[in-house]
Structures are given as structure tokens and as C-alpha cells.
2 protein chains.
Amino acid sequence: MKDKVFAKGQDGIRDIFHARKLKCTPQRLSVFKVLEESETYLSINSIHAKVKALLPGTGLATVYRSLDTLIDLGLVVKVHLEDGCHSYAVAPEGHRHPIVCTECNRVIEFAECPLDKISEKLSKDTGIEIQNHFLQLFGKCRGCSA
Amino acid sequence: MKDKVFAKGQDGIRDIFHARKLKCTPQRLSVFKVLEESETYLSINSIHAKVKALLPGTGLATVYRSLDTLIDLGLVVKVHLEDGCHSYAVAPEGHRHPIVCTECNRVIEFAECPLDKISEKLSKDTGIEIQNHFLQLFGKCRGCSA
DNA sequence: AATACAATTGAGAATCTTTCTCATTTGAGT
DNA sequence: ACTCAAATGAGAAAGATTCTCAATTGTATT
């Protein structure tokens with residue numbers, strides 16, 4: 001419990017890659033590791049910098065490609081921060097949504113999804129078959145309010 | 001009712017600009033008009049094209065600047081589409097959220113905000129002072145399901 | 001352990017998006 | 001009409017993302 005890095009296990013990740021006939025490369029593992037070790041959403045440039053610390057020489061394009069792959073596998077999520085920029089984080093277990101601290105960018109996940117309850121009603125009311133939703137909350141965390 | 005363009009009235013808009021000591025320019029009015037006339041969220045390039053049809057010679061930078069101004073005034077909202085690109089639409093009256101059709105990009109607003117009910121509870125649970133939220137639904141509209 | 005092959009990578013070019021600069025124009029108050 | 005600050009157009013600049021292609025590297029097979 002003291003170390004949440006590779007919570008899914010390195011072998012777990014390896015299997016996920018192999019199941020999709022993707023190679024398990026050190027670059028992909030490093031990108032994931034960097035995100036797992038971070039408490040906050042990270043921008044591309046932060047990720048690139050941290051990955052290069054683990055694996056010098058890693059190119060920016062590879063970071064983009066690895067993130068796309070990880071997103072495709074459902075291991076990582078891409079979020080839109082308020083300033084319009086993109087950032088990335090490990091995908092939460094189950095269906096959850098993030099609360100992003102507007103001061104420190106730290107992220108807290110919350111499990112209760114209020115959409116579940118109203119989706120069906122909404123589908124009836126609007127005639128739209130709801131497929132998906134995107135929800136993020138913004139606020140000030142305990143540390144930053146103090 | 002047959003024409004919802006300038007629902008706020010041209011004079012209303014003029015007053016909003018003047019109250020903030022901003023100039024009421026044809027470029028800004030055109031950008032807003034283009035969005036009011038559209039049923040869907042529009043990308044920068046669509047907006048630019050449509051604005052140029054109304055006001056030839058309008059520069060792209062001006063469209064960006066006008067949108068920023070309109071967002072700042074609360075007249076327009078910027079949204080994140082699933083492909084990661086930004087688009088823009090007139091801001092809905094009151095507190096509403098959009099349902100975006102994944103096929104045709106058309107937008108339907110819905111008024112019921114499920115966050116109101118749970119925000120307070122969430123603040124207590126997490127210790128985070130919730131300030132804001134971003135919610136979008138995606139689905140297939142009646143026309144596109146058929 | 002060595003081999004072969006397709007997938008992946010690094011590097012930089014290319015593209016796309018957004019912002020900036022600055023000379024010129026224009027809205028709005030006088 | 002006159003003045004002045006604000007806004008614009010054009011293109012440069014900056015930043016973000018994707019593409020290209022030769023070289024490298026996982027993985028399955030021997």
C-alpha cells in the first residue's frame with residue numbers, strides 16, 4: 001500500500017498490451033508510470049520532462065503516441081483544463097469524475113455519478129440516445145483554502 | 001418568434017458592450033450573429049468563413065478576439081468536442097448544459113442540472129469548496145438515429 | 001540464444017491552432 | 001467635425017500536434 005506505482009502491476013499492463021497486439025515498450029511503460037506517480041493532471045510537457053528523466057532520449061512524438069495508445073486502452077484519460085489546454089491522468093477505476101483544484105491542479109476523484117440517475121429520463125424527454133458524458137468539477141481543495 | 005436572430009436585441013447587445021466600455025463593432029456583432037443563427041456549435045474556421053460572408057475582410061485574429069470578448073461577457077460559451085477541438089456557441093439562458101449529437105454536432109440544451117443537488121454533499125464529503133463545473137452529454141439525436 | 005518481421009521509435013519537417021506586433025482604422029464622446 | 005483610446009487586418013511568431021521515414025527494438029519462432 002505504501003507504493004501505488006503500477007497498481008495494475010507491470011505484468012497486468014504487459015498483458016493489456018499483448019491482448020491488443022501492442023508492444024510493451026519502455027516508453028509506454030514510462031509514460032504510464034509518470035502518470036501513476038503523479039497526484040495531479042499533467043501537461044504534455046511535464047510528462048515529456050518526467051519521462052526523459054526515466055528514459056533519456058524519449059521524443060515528444062512518442063509521448064503523444066503513447067498517450068493516445070494508453071487512452072485507447074482506457075488506462076489514461078485526457079482532460080480539458082479551464083485555460084483550454086489538455087492534460088492527462090491515469091483513468092480512475094470504475095465510473096468516476098474528477099474534481100480539479102483550481103489553485104494547485106491536484107485531482108480528487110468522486111464516485112457518485114449524478115448522470116446515471118437522470119440519463120434515462122433525459123433520453124425520453126429529449127429523444128436523444130445518450131451515449132456518453134463529460135463531467136469535471138472545479139474547486140479549491142482543503143490545502144489551498146487554508 | 002419566427003426569427004431568433006438577435007434574441008437579445010441589437011440594442012441590448014450594444015448596451016452590454018457599452019456597460020463594459022467596449023466598442024460595439026460590426027465584427028463583434030457579426031461573430032455573435034453567426035453563432036445565434038447556428039443550431040450547432042461552430043469551429044473557429046466555420047465562424048470565420050461565415051463572418052467573412054457578412055463582413056468581407058474580417059481577419060481570423062479578430063474572430064478569436066471577438067470570441068474572447070463575447071465569452072468574457074457571458075454571451076458565448078466555448079466547448080470541448082470529443083476530438084479535442086474547441087467550438088463555440090451562444091451561451092444558454094440560465095444554468096444549462098448541452099447535449100451534443102455525435103453525428104451531426106447539433107446541440108440541445110437541457111435545463112436540469114444534476115450537480116446542484118449533490119454539490120453541497122460533495123463539498124462536505126471531500127472538503128473541497130466546489131466553485132464550478134463543466135458538463136456535456138454526448139448522444140445521437142432523433143434525426144441521426146433514424 | 002539467434003533470426004525475422006512488423007511495430008515502434010527519434011528526429012525533424014510539416015501542419016494546425018492560437019497569440020502577438022504594429023501600423024492603420026474606427027467607434028464614441030466631445 | 002475632432003480627438004483619442006480601442007479595435008482591426010495582415011502577417012509574423014509561438015505553441016501544439018501530427019506526419020514521414022530511416023533506424024531500432026519487442027516478440028514470436030526457431
Side-chain angles (χ1 to χ4, degrees), chain A residues 10-11 13-34 41-73 75-76 78-88, chain B residues 10-11 13-34 41-73 75-76 78-88:
Chain A
Q10 292 226 33
D11 290 343
I13 301 257
R14 183 174 301 272
D15 291 344
I16 293 173
F17 283 129
H18 289 174
R20 288 279 294 270
K21 302 207 168 77
L22 296 168
K23 286 187 183 175
C24 186
T25 67
Q27 290 85 350
R28 286 172 173 168
L29 287 174
S30 297
V31 168
F32 188 69
K33 185 177 164 77
V34 160
Y41 281 29
L42 296 176
S43 68
I44 294 277
N45 289 333
S46 324
I47 295 171
H48 187 204
K50 286 170 195 286
V51 166
K52 277 196 296 191
L54 294 176
L55 211 64
T58 303
L60 179 57
T62 297
V63 175
Y64 273 105
R65 287 182 288 222
S66 297
L67 286 169
D68 285 347
T69 304
L70 291 166
I71 289 171
D72 202 45
L73 291 172
L75 297 174
V76 165
K78 180 176 186 173
V79 301
H80 308 272
L81 296 187
E82 285 194 315
D83 61 6
C85 289
H86 293 147
S87 289
Y88 301 82
Chain B
Q10 292 228 30
D11 290 343
I13 301 256
R14 183 173 301 274
D15 291 345
I16 292 173
F17 282 130
H18 289 174
R20 288 279 294 272
K21 302 209 167 75
L22 296 167
K23 287 186 181 176
C24 185
T25 67
Q27 289 85 351
R28 287 172 173 169
L29 288 174
S30 296
V31 169
F32 187 69
K33 185 177 163 79
V34 160
Y41 282 29
L42 296 176
S43 68
I44 294 277
N45 289 333
S46 323
I47 297 172
H48 187 205
K50 285 170 196 285
V51 167
K52 277 197 292 192
L54 294 175
L55 212 64
T58 304
L60 179 57
T62 297
V63 175
Y64 273 105
R65 288 183 288 222
S66 297
L67 286 169
D68 283 347
T69 304
L70 291 166
I71 289 171
D72 201 46
L73 291 172
L75 297 173
V76 165
K78 181 175 186 173
V79 301
H80 309 272
L81 297 186
E82 286 193 314
D83 58 9
C85 288
H86 292 146
S87 289
Y88 301 83

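Throughout, a chain's letter reflects where its sequence line sits, starting with A, and its residues are numbered from 1.
With sequence neighbours left out, A:Ser87 forms a side chain to side chain contact (heavy atoms under 4.5 Å, CB included) with A:Tyr41, A:Ser43, A:Val79, A:Leu81. By the side-chain hydrogen bond (donor to acceptor under 3.5 Å, both in side chains) test, A:Thr62 is found to be paired with A:Arg65, residues two or more places apart in sequence or in another chain being considered.
Of the residues in residues 47-59 of chain B, B:Gly57, B:Thr58, B:Gly59 come within less than 4.0 Å of DNA chain D through at least one heavy atom, sorted by number.
Where pairing requires Watson-Crick or G-U contacts shorter than 3.5 Å, the helical stems of DNA chain C with at least three consecutive pairs are C:1-30 with D:1-30.
Distance check, rounded to the nearest 0.5 Å: CG of A:Leu67 to CD1 of A:Ile47 gives 4.5 Å. Summarising the geometry, atom NZ belonging to A:Lys78 is positioned 6.5 Å from atom CG belonging to A:Asp68; distances are rounded to the nearest 0.5 Å. The distance from the NZ atom of B:Lys52 to the CG atom of B:Leu60 is 8.0 Å, given to the nearest 0.5 Å. The CD atom of B:Gln27 sits 9.0 Å away from the CG atom of B:Leu29 when rounded to the nearest 0.5 Å.
Across the protein-nucleic acid pair, A:Leu60 atom CG and D:dT17 atom P stand 9 Å apart, rounded to whole Å.
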(request) Could you walk me through whether B:Leu22 and B:Leu73 pass side chain to side chain contact (heavy atoms under 4.5 Å, CB included), step by step? (result) CA-CA 10 Å; B:Leu22 296 167; B:Leu73 291 172; 4.1 Å; yes
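Checking A:Pro26, A:Ser46, A:Ser30, A:Ser66 one by one against A:Val51, the side-chain contact (heavy atoms from CB on, under 4.5 Å) holds for a single residue, A:Ser30.
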Identify the pairs formed between an N or O of the protein and an N or O of nucleotides 4-7 of chain D at a distance under 3.5 Å, and give each distance.
from  : atom 1 : to      : atom 2 : distance (Å)
D:dA6 : N3     : B:Lys23 : NZ     : 3.1
D:dA7 : OP1    : B:Lys23 : N      : 3.3
D:dA7 : OP1    : B:Arg28 : NH1    : 2.9
D:dA7 : OP1    : B:Arg28 : NH2    : 3.1

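Heavy-atom distances to DNA chain C give each of B:His18 and B:Tyr64 a nearest nucleotide, and the one nearer the 5′ end belongs to B:Tyr64. Position along DNA chain D of the nearest nucleotide to B:Pro26 versus B:Ala61 favours B:Pro26 as the more 5'-ward residue.
Side chain of B:His48 to main chain of B:Tyr64: no donor-acceptor pair is present (N/O by atom type, distance under 3.5 Å, no hydrogens or angles). Here the side chain of A:Arg28 pairs a donor or acceptor atom with the backbone of A:Lys23 at under 3.5 angstrom.
The side-chain heavy atoms of A:Phe17 and A:Thr25, taken from C-beta on, include no pair separated by under 4.5 Å.
Closest of all the heavy-atom pairs between A:Thr58 and A:Leu55 is OG1-O, 2.6 Å.
A 4.0 Å heavy-atom criterion places the boundary nucleotides of DNA chain C facing chain B at C:dT17 to C:dA28, written 5' to 3'.
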